[in-house]
Amino acid sequence: MLLELDDVHVHYGKIEAVKGVSVTVDEGEVVTLIGANGAGKTTTLKAVSGVRNVTGGRILFEGADITKVAPHRRVEMGICQAPEGRGIFPGMTVLENLEMGCYTRKDRKTGIKARDLERVYGLFPRLAERRTQSGGTLSGGEQQMLAIGRALMARPKVLLLDEPSMGLAPKLIAQIFQIITEISRQGTTILLVEQNAQQALRRADRAYILESGRVVKSAAAGDLLNDDTVRQAYLGGLGH
Amino acid sequence: MIATVVLASLSEGARLLRDNFWDYTVTGATIGAIYSLVALGYTLVYGVLRLINFAHSEIFMIGTFGALYATQWLGFDPGDPKKTGIALIGVLLFCLVIAMAVSGASAVVLERIAYRPLRRRGSTRLAALISAIGASFAISEAFALWRGRNFEQFPRLFDKTHTVFTLFGYDVRADQVLIILSALFMMVALDQFVRRTRLGRGVRAVAQNSETAQLMGVNIDRVIVLTFLLGGLMAGGAALLDMVFLEQTRYNIGFILGVKAFTAAVLGGIGNLRGALLGGFVLGLVENYGSALFGTQWKDVISFTLLVAVLMFRPTGLLGESLGKARA
Ligand SMILES: Nc1ncnc2c1ncn2[C@@H]1O[C@H](COP(=O)(O)OP(=O)(O)OP(=O)(O)O)[C@@H](O)[C@H]1O
Ligand SMILES: [Mg+2]
């Protein structure tokens with residue numbers, strides 16, 4: 001197992017946002033976490049990245065307990081995230097933002113960085129055109145591409161994506177999901193948080209459904225796509 | 001009646017300023033350079049932590065004592081014969097290194113003791129601010145108890161009346177040239193460090209979006225320590241330059257200068273390194289021209305009126321917030 005959340009609890013003050021979530025992600029998989037607003041998806045990803053402390057349970061990465069490991073060390077170990085709202089550094093250029101992705105990499109001085117840049121520019125040609133533009137002036141879609149590309153620059157073993165489709169036009173959403181599939185095909189494991197259940201379930205291998213801080217269902221993504229209760233609750237307005 | 005007196009004194013002030021314009025300009029720029037260096041510390045810490053480090057003025061004060069001690073180690077006494085040439089450069093560098101080291105180390109210790117425990121506990125910004133004010137008083141009073149409350153004399157290191165060059169009829173003195181050039185050099189070095197190096201990029205990343213910076217693998221604690229260290233080093237440099245210029249120090253010497261430097265940082269746009277540079281020089285010049293026009297007793301009034309005016313009419317300062325730009 002590459003990544004394992006074992007009965008993870010997270011509190012904001014007295015409020016418990018994540019109430020014992022267990023999730024596993026195997027190497028090479030695309031696993032999606034879907035759920036309504038406030039279900040605790042973002043909080044779960046923050047716990048995996050370590051920017052939010054867990055108040056119970058364990059997080060394992062490649063078999064090692066990383067529950068108490070500092071966030072920057074987790075990036076070094078191979079966990080990188082494109083956060084909700086993109087988190088672009090507005091005062092840095094597109095290129096500088098991408099370079100922040102390999103901040104922890106020891107080999108960033110070698111030619112490997114150039115090759116990774118080529119890979120990201122290959123996935124997102126728009127970023128190549130705009131490499132000297134400052135991050136704050138990009139459109140929402142471009143910022144999302146930048147956030148994903150930047151996380152890829154870390155060469156993560158598992159890529160965490162928090163609502164990459166948020167606020168994008170349908171055409172762009174389709175494009176982003178296509179690229180996510182492409183990234184997976186190139187060999188990166190992905191944990192994808194989405195509200196766009198339709199697209200997420202179509203692209204993922206397995207899925208977990210989160211409701212007010214708890215996993216209420218987990219199954220192969222294809223099964224959930226055809227599950228009646230799931231269709232009603234999460235695919236209603238988005239379905240065919 | 002009063003109006004005529006005021007007008008008469010103003011026009012006299014104007015004549016004074018016109019006749020000695022370059023004198024006031026060079027002196028203003030000299031003091032402005034020192035403000036800029038200290039302002040950098042406020043701006044760096046604010047950019048990264050959104051915290052006004054009120055104890056920064058005491059970091060500067062500690063630097064002045066560091067410089068004073070350095071001269072005493074070298075066996076200088078006030079009124080000792082001055083040094084020249086290589087020996088002088090050596091003495092200045094030695095004092096600079098000591099002042100910077102003492103200030104830098106104090107800033108790091110300050111962060112450890114006064115801020116980090118609060119941050120760990122997730123305290124509010126108000127708590128950190130109160131801690132800052134408390135630390136400022138504690139340090140300054142500790143120095144008052146240790147060194148007494150009187151001024152201590154800093155020895156004259158070199159012949160200050162020596163004219164380096166003449167600017168439109170005004171003889172620019174060696175200490176003024178030294179101060180302005182060293183301050184500019186230090187500021188350029190800092191700017192390049194933040195722009196070009198990996199750690200500097202980490203500082204900018206934390207300032208712009210601290211959570212994402214962590215997600216990219218920036219060690220936020222290290223960046224915060226580095227930020228305090230850089231601010232402390234600049235304050236230490238400023239401390240030596242201030243001693244060369246004004247030649248005396250005591251426990252509360254940081255107070256007014258600290259508020260002025262803070263004003264400079266706000267004036268330039270707090271969080272913005274180049275803004276601190278600009279703000280310091282602008283404040284130094286405005287203050288000095290103003291003291292010619294209205295009389296030296298009005299100097300501090302002018303500075304703080306300027307601070308209030310900036311806060312009222314342009315709260316983001318001359319250059320806005322750019323180390324940050326983090327409001328997005
Ligand atoms: N900083 C915070 N302080 C207090 N409560 C928070 C904080 N962040 C999130 N919460 C609460 O935790 C719960 C889970 O939030 P979270 O952001 O993880 O949900 P989410 O599933 O990502 O929702 P969305 O789909 O809207 O992004 C919510 O009830 C939210 O109000
Ligand atoms: Mg969310």
Side-chain angles (χ1 to χ4, degrees), chain A residues 11-13 42 45-46 48-53 69-93 95-106 108-109 134-138 143 146-147 150-156 159-162, chain B residues 43-44 46-48 50 116 119-124 127 191-226 269-276 316-317 319-328:
Chain A
H11 285 78
Y12 291 103
T42 297
L45 284 197
K46 284 186 177 176
V48 173
S49 284
V51 292
R52 219 44 245 185
N53 286 331
V69 171
H72 68 273
R73 287 275 306 127
R74 298 190 200 194
V75 179
E76 286 167 25
M77 294 170 89
I79 302 175
C80 200
Q81 183 178 158
E84 184 175 63
R86 293 113 193 193
I88 297 307
F89 300 112
M92 295 189 191
T93 65
L95 179 61
E96 285 176 312
N97 265 282
L98 289 174
E99 284 173 342
M100 278 310 294
C102 41
Y103 188 81
T104 60
R105 276 178 51 187
K106 304 275 178 286
R108 65 185 177 280
K109 287 251 154 69
S134 90
T137 61
L138 295 179
Q143 289 195 357
L146 182 54
R150 184 179 58 186
L152 281 178
M153 292 297 291
R155 290 218 169 180
L159 172 65
L160 313 178
L161 298 174
D162 196 346
Chain B
T43 251
L44 272 168
Y46 180 83
V48 164
R50 296 290 177 275
R116 187 173 294 194
R119 202 149 44 77
R120 281 285 142 74
R121 236 171 292 150
S123 304
T124 60
D191 192 71
Q192 289 302 305
F193 177 81
V194 170
R195 252 157 234 282
R196 302 251 181 268
T197 67
R198 169 170 176 271
L199 269 176
R201 193 165 280 177
V203 171
R204 287 167 63 209
V206 174
Q208 293 180 23
N209 189 332
S210 65
E211 189 165 279
T212 309
Q214 282 180 285
L215 293 177
M216 296 303 118
V218 179
N219 182 344
I220 199 153
D221 282 330
R222 187 187 282 181
V223 162
I224 289 169
V225 170
L226 176 72
I270 191 147
N272 184 320
L273 292 183
R274 292 178 180 178
T316 56
L319 297 188
E321 201 183 354
S322 114
L323 184 79
K325 273 190 192 164
R327 291 294 142 82

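Values below: all heavy atoms of this structure, side chains included; hydrogens, waters and symmetry mates excluded. Order of the sequence lines sets the chain letters (A, B, ...), proteins ahead of strands, with each chain counted from 1.
For L160(A), no part lies under 4.5 angstrom from a heavy atom of chain B.
If you tally non-hydrogen atom pairs under 4.5 Å between each of G122(B), G202(B), G217(B) and chain A, the highest count goes to G217(B). Counting heavy-atom pairs under 4.5 Å between each of E96(A), R73(A), E76(A), R74(A) and chain B puts E96(A) at the top.
You'll find the side chain of Q81(A) reaches within 4.5 Å of the side chain of L45(A), heavy atoms only.
Electrostatic pairing of D221(B) and R119(B) counts as a salt bridge here, judged by a charged N lying under 4.0 Å from a carboxylate O.
Remark: R150(A) is positioned above the aromatic ring of F89(A), its terminal NZ or CZ atom under 6.0 angstrom from the ring centre and at most 45 degrees off the axis.
Of the candidates R196(B), R204(B), R274(B), D191(B) forms a salt bridge (Lys or Arg N to Asp or Glu O under 4.0 Å) with just one, namely R274(B).
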